[in-house]
Amino acid sequence: MKQLLLALLRFYRREISPLHPPCCRFIPTCSAYALEAVEKYGACKGGWLALRRLLRCHPFHKQKSIEYDPVP
């Protein structure tokens with residue numbers, strides 16, 4: 001499962017992400033965060049951390065500055 005998630009994340013970063021303008025309000029980007037979380041913690045916990053991060057990264061958030069949010 002871990003290898004499948006990593007392959008999907010790498011595909012997204014290589015093929016889909018360059019088609020959109022940068023809009024992530026976090027450093028590292030959400031896809032880089034997800035990749036690192038899954039590599040470090042595995043599919044379950046890393047996937048959960050990545051999902052939580054994606055739910056916080058939305059255009060209606062009030063804060064306009066870029067936040068540094070590394071993988072714990």
Side-chain angles (χ1 to χ4, degrees):
M1 188 65 160
K2 177 180 175 180
Q3 296 304 318
L4 177 64
L5 282 176
L6 291 174
L8 289 172
L9 287 167
R10 288 186 181 113
F11 173 79
Y12 170 80
R13 290 181 57 121
R14 185 179 56 246
E15 302 295 331
I16 299 171
S17 183
L19 301 176
H20 302 287
C23 61
C24 191
R25 64 182 188 91
F26 291 108
I27 296 175
T29 62
C30 293
S31 59
Y33 180 94
L35 195 64
E36 185 179 343
V38 172
E39 285 176 343
K40 186 174 181 179
Y41 293 110
C44 289
K45 185 174 180 181
W48 171 248
L49 290 170
L51 179 63
R52 274 188 27 205
R53 169 73 173 268
L54 285 172
L55 293 174
R56 289 186 295 149
C57 187
H58 56 81
F60 303 112
H61 191 268
K62 294 179 183 178
Q63 185 171 354
K64 299 295 181 189
S65 65
I66 295 176
E67 296 179 39
Y68 178 67
D69 183 27
V71 175

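Quick note: residue numbers are just sequence positions, from 1.
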Using atom types as modelled, flag every donor-acceptor pair under 3.5 Å from a side chain in residues 28-45 to any protein atom, sequence neighbours excluded.
{"from": "T29", "atom 1": "OG1", "to": "A32", "atom 2": "N", "distance (Å)": "3.4"}
{"from": "E39", "atom 1": "OE2", "to": "R10", "atom 2": "NH2", "distance (Å)": "3.0"}
{"from": "K40", "atom 1": "NZ", "to": "P72", "atom 2": "O", "distance (Å)": "3.0"}
{"from": "Y41", "atom 1": "OH", "to": "P72", "atom 2": "O", "distance (Å)": "2.3"}

**Report entry** From L54 atom CG to L49 atom CG, the distance as rounded to the nearest 0.5 Å
**Finding:** 11.0 Å
**Report entry** Transitive ILVMFWY cluster of W48, excluding itself - 4.5 Å side-chain cut-off
**Finding:** L51, L55
Requested in this report: Under 4.5 Å between side-chain heavy atoms, chaining through other members, with only Ile, Leu, Val, Met, Phe, Trp and Tyr counted: pull out the rest of the cluster around Y12, sorted by chain and number.
Outcome: F11, I16
**Report entry** Listed once per pair and sorted, the side-chain hydrogen bond (donor to acceptor under 3.5 Å, both in side chains) pairs that draw on residues 13-24, sequence neighbours left out
**Finding:** none
